[in-house]
Chemist: 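Okay, handing you the structure first.
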Amino acid sequence: MSSITTDLTDFPLASETQKYLESALIGHVIEGDVVASRSGETMPIIHPATGAEIGWAAAGGPDDVEQAVTSARRAFDDGRWRDLAPLEKERRLRRLSELVAEHADVFSDIDVLDAGLLKVYTGFIVQATLDAVDYYAGWPSKISGTIPAVPNDVAVYVVREPVGVIGLVVPWNGPTFVLGFIAAALACGNSVVVKPAEQTPMAAVLMGQLCLEAGIPPGVVNVLQGTGETVGAALVAHPGVDAIAFTGSIETGRRIQAAAAPRVKRVSLELGGKSAQIVFADAELETAAATAAMAVWGASGQVCTAGSRVLVQRSIHDELVERIAAVSRGLRIGSPFDPAVDLGPVVSAQQLDRITGYVAIGNDEGAALTLGGRRHGDVGYFFEPTIFSDVRNDMRIAQEEIFGPVMCVIPFDTEEDAFTIANDTEYGLSAGVWTSDVTRAHRAYRALRAGTVWVNTYQEVNAAVPYGGVKQSGHGRALGAASLDELLQTKTVWMKVSR
Ligand code: NAD
């Protein structure tokens, strides 16, 4: 039986993807088995480029949450993964990486099917995921503690241990990438329960299956499908879950932090952004314009680090806006499977409505609509690349995360103004600076309150480099050695050695 109901020949899928989907059950993964919900409830899987229902996924409820957490708890407590020798963990994580590489086309196809992301972009996500799995596969044998300097009559050592059962709650804008978080949690010896977004249930099931094939014991990686309000909330509140690693919107992040408080659970939050890209008059404008544009149009603006506020020094304002508009007018909008297409759909009808609503707000606020502003076509959820210029930073379109292909261009006069405007937001995920003055670049990175600052580039990521926000963009770090701090805890051991 397969969860996919549409004739698969409707899509230009790789033959391995067709084969996988012909029998795939998009269910929960609990104790090593892919299962439907106890209640039998399902939720539709929609392809965003057509709006058509292409299949269904299990929609979990309290019984499924109970089973998945019990499974992960048991797996952690009996040490079936935690107590494996570090080098054995590394071998199995490397095997996982090989299996992901063998299934690269399947992952990239299924991320196109349910998230609507461009196939070229999902190919990039799969590669970034592979890099993350490879990176974490090397960690188990390098995690070590410390021996503090203490008087001779005692020995003290500080060991680092896994936190326990980690609830991973993730969004829809890069479904396969969650495997990088899973690999990080596993490298530290934890068990996990993954809750994918309800819009994108497909990739996590395959990951759960590949983890088993790689030799990660049943119960160590579980997947729970369902809505945030039912499954997500129950997972966060469950006493068997020790820590929550959440990626998603600021509103949900606030709810999760509050819900974790009664049990004083560890929470790490990777939230949204309203990132500024600051273009100074001394910048190399051709590259700045092209990169700044794609930093908003990439994944149709549905990237947490989208550089959606473009701050431009007034003397080059008109020229830069024209250059960005020229790049953007030439974008081809269409099927995310078509390699010639630059801009695919947004994820859902709800997201399309949200973007349409913000464009109306921008018009009401008096920003100048320089490009786009409308839905593209009437099939699927496409929106034109949209540029508002003459935006003031106190407008709602400049302050609130739209998560769509909408750019706000804001003029500034001095360097000091630029940094003040860039920091005048509740978010602090990332910032970009375009300048040929290296001393200004240094002043900029010190002045900007953001988790990442890119200079003369934007949205570079690397598995070895920490990533995360400040202010209300969250706390905690993904990737790099810093991410291990979220997944390990210290234990201090005192031993009397002489009297
Ligand atoms: P969302 O907050 O609506 O949902 C994220 C996840 O949380 C989903 O799995 C959802 O089912 C679940 N959820 C919803 N309510 C819940 C609750 N009460 N308890 C527990 N879980 C709940 O976010 P989204 O719309 O799926 O994703 C877009 C957002 O994610 C944007 O704000 C974007 O900036 C952010 N994001 C941030 C990063 C980052 O690394 N900082 C990366 C990607 C996306």
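Whatever order the structure lists ligands and atoms in, that order sets their numbers, starting from 1.
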Chemist: Answer yes or no for Ser473: is there a heavy-atom contact with ligand 1 below 4.0 Å?
Modeler: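 No, Ser473 has no heavy atoms under 4.0 Å from ligand 1.
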Chemist: Parallel, tilted or perpendicular: which describes the rings of Phe181 and Phe177, with under 30° parallel and over 60° perpendicular?
Modeler: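 Rings of Phe181 and Phe177: perpendicular, as their planes differ by over 60°.
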Chemist: Going by the order shown, which atoms of ligand 1 are within less than 4.0 Å of some heavy atom of Leu429?
Modeler: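 Result: 41 (N).
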Chemist: Would you call Arg160 and Asp485 a salt bridge, taking side-chain N to carboxylate O under 4.0 Å as the test?
Modeler: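 Here Arg160 pairs with Asp485 in a salt bridge, since their nearest N and O are under 4.0 Å apart.
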Chemist: Sub-3.5 Å donor-acceptor pair from the side chain of Lys471 to the main-chain atoms of Thr425, do we have one?
Modeler: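 Between the backbone of Thr425 and the side chain of Lys471 there is a qualifying donor-acceptor contact (under 3.5 Å).
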Chemist: Distance under 4.0 Å to a non-hydrogen atom of Val169: what atoms of ligand 1 satisfy this?
Modeler: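 Those qualifying, in numeric order: 6 (C), 7 (O), 9 (O), 12 (C), 21 (N).
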Chemist: Considering only the protein, which heavy-atom contact is closest to atom 6 (C) of ligand 1, and what is its distance?
Modeler: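 Result for atom 6 (C) of ligand 1: Val170 O, 3.4 Å.
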Chemist: Quick one: do Arg74 and Glu31 satisfy salt bridge (charged side-chain N to carboxylate O under 4.0 Å, His left out)? Show the steps, please.
Modeler: CA-CA 10 Å; Arg74 202 168 40 227; Glu31 198 65 21; 3.5 Å; yes
Chemist: Is the backbone N or O of Val35 less than 3.5 Å from a side-chain atom of Asp33, with the two atoms forming a donor-acceptor pair by type?
Modeler: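 Flag not set: sc Asp33 to bb Val35 has no pair under 3.5 Å.
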Chemist: Which residue supplies the protein heavy atom nearest to atom 16 (C) of ligand 1, what is that atom called, and how far is it?
Modeler: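 It is Thr252 CG2, 3.3 Å.
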Chemist: Give the contacting part of Ile256 toward ligand 1: side chain, backbone, both or neither, where contact means a heavy-atom distance below 4.0 Å.
Modeler: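 For Ile256, only side-chain atoms sit under 4.0 Å from ligand 1.
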Chemist: If only atom types and distance count, is the side chain of Asn222 paired as donor or acceptor with the main-chain N or O of Val193 below 3.5 Å?
Modeler: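 Side chain of Asn222 to backbone of Val193: no pair is present.
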Chemist: Less than 3.5 Å between some nitrogen or oxygen of Lys195 and one of ligand 1, yes or no?
Modeler: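 Between Lys195 and ligand 1, an N or O pair is found under 3.5 Å apart.
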Chemist: Looking only at protein heavy atoms, which one is nearest to atom 28 (C) of ligand 1, and what is the separation?
Modeler: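 Checking every protein heavy atom, the shortest distance to atom 28 (C) of ligand 1 gives Phe403 CE2, 3.5 Å.
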Chemist: Which residue and atom name correspond to the protein heavy atom nearest atom 23 (O) of ligand 1, and how close is it?
Modeler: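 Looking at atom 23 (O) of ligand 1, the protein heavy atom closest to it is Ser249 N, 3.4 Å.
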Chemist: Go through ligand 1 atom by atom and flag the ones less than 4.0 Å from a non-hydrogen atom of Leu271.
Modeler: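 Listed by number with element: 37 (C), 38 (C), 39 (C), 41 (N).
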Chemist: Which residue owns the protein heavy atom closest to atom 24 (P) of ligand 1, what's the atom, and how far is it?
Modeler: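 Scanning the protein heavy atoms, the shortest distance from atom 24 (P) of ligand 1 goes to Trp172 NE1, 3.3 Å.
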Chemist: To the nearest 0.1 Å, how far is atom 44 (C) of ligand 1 from its closest protein heavy atom, and which atom is that?
Modeler: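 Of every protein heavy atom, Asn173 ND2, 3.4 Å lies nearest to atom 44 (C) of ligand 1.
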Chemist: So, the side chain of Thr5 versus the backbone of Ile54: is there a donor-acceptor pair under 3.5 Å, distance only?
Modeler: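 Side chain of Thr5 to backbone of Ile54: a pair is present.
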Chemist: Take atom CZ in Phe124; do more than 12 heavy atoms of anything else shown fall under 6.0 Å from it?
Modeler: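 Counting neighbours around CZ of Phe124, 12 or fewer heavy atoms of other residues, nucleotides or ligands fall under 6.0 Å, so no.
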Chemist: Would Trp297 and Ser328 count as a side chain to side chain donor-acceptor pair (under 3.5 Å) here? Give the steps.
Modeler: CA-CA 8 Å; Trp297 313 142; Ser328 312; 2.9 Å; yes
Chemist: Applying the salt bridge (charged side-chain N to carboxylate O under 4.0 Å, His left out) criterion to Glu384, which one of Arg332, Arg374, Arg375 satisfies it?
Modeler: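 In the set Arg332, Arg374, Arg375, the residue that makes a salt bridge (charged side-chain N to carboxylate O under 4.0 Å, His left out) with Glu384 is Arg374.
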Chemist: Which of the atoms in ligand 1, numbered in the order shown and given with their element, are less than 4.0 Å from a heavy-atom of Tyr467?
Modeler: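 Counting atoms of ligand 1 from 1, those under 4.0 Å from Tyr467 are 39 (C), 40 (O).
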Chemist: Can you see which heavy atom on Val34 is nearest to which on Gly27, and at what distance?
Modeler: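 Val34 and Gly27 have their closest heavy atoms at CG1-N, 4.0 Å.
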Chemist: Give the single entry among Gly228, Pro201, Ala234, Gly253 that approaches atom 13 (N) of ligand 1 most closely by any heavy atom.
Modeler: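 Shortest heavy-atom distance from atom 13 (N) of ligand 1: Gly228.
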Chemist: For atom 31 (C) of ligand 1, what's the nearest protein heavy-atom neighbour? Residue, atom name and distance, please.
Modeler: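 Answer for atom 31 (C) of ligand 1: Glu401 OE1, 3.4 Å.
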Chemist: Starting from atom 10 (C) of ligand 1, what is the nearest protein heavy atom, named by residue and atom, and what distance separates them?
Modeler: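 Protein heavy atom at minimum distance: Glu198 OE1, 3.6 Å.
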Chemist: Which atoms from ligand 1 have a heavy atom of Gly272 less than 4.0 Å away?
Modeler: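 Listed by number with element: 32 (O), 34 (O).
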Chemist: Under a 4.0 angstrom heavy-atom cut-off, which atoms of ligand 1 come close to Pro196?
Modeler: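 Those of ligand 1 that fall under 4.0 Å from Pro196 are 9 (O).
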Chemist: Select one of side chain, backbone, both or neither to describe which atoms of Ala259 lie under 4.0 Å from any atom of ligand 1, heavy atoms only.
Modeler: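 Looking at Ala259 and ligand 1, no heavy atom falls under 4.0 Å.
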Chemist: Counting only nitrogen or oxygen atoms and a 3.5 angstrom limit, does Pro171 reach ligand 1?
Modeler: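 No, no N or O pair falls under 3.5 Å.
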Chemist: Which residue in the set Val112, Asp111, Val341 passes side-chain contact (heavy atoms from CB on, under 4.5 Å) when paired with Leu118?
Modeler: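 Passing option: Val341.
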Chemist: Gly232 heavy atoms, cut-off 4.0 Å: which ligand 1 atoms fall inside?
Modeler: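 Per the distance check, 19 (N), 20 (C), 21 (N).
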Chemist: Using heavy atoms and a 4.0 Å limit, tell me yes or no: is Ala233 in contact with ligand 1?
Modeler: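 Within the 4.0 Å threshold, so yes.
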Chemist: Check step by step if salt bridge (charged side-chain N to carboxylate O under 4.0 Å, His left out) holds for Lys119 and Asp338.
Modeler: CA-CA 8 Å; Lys119 180 83 193 267; Asp338 182 345; over 6 Å; no
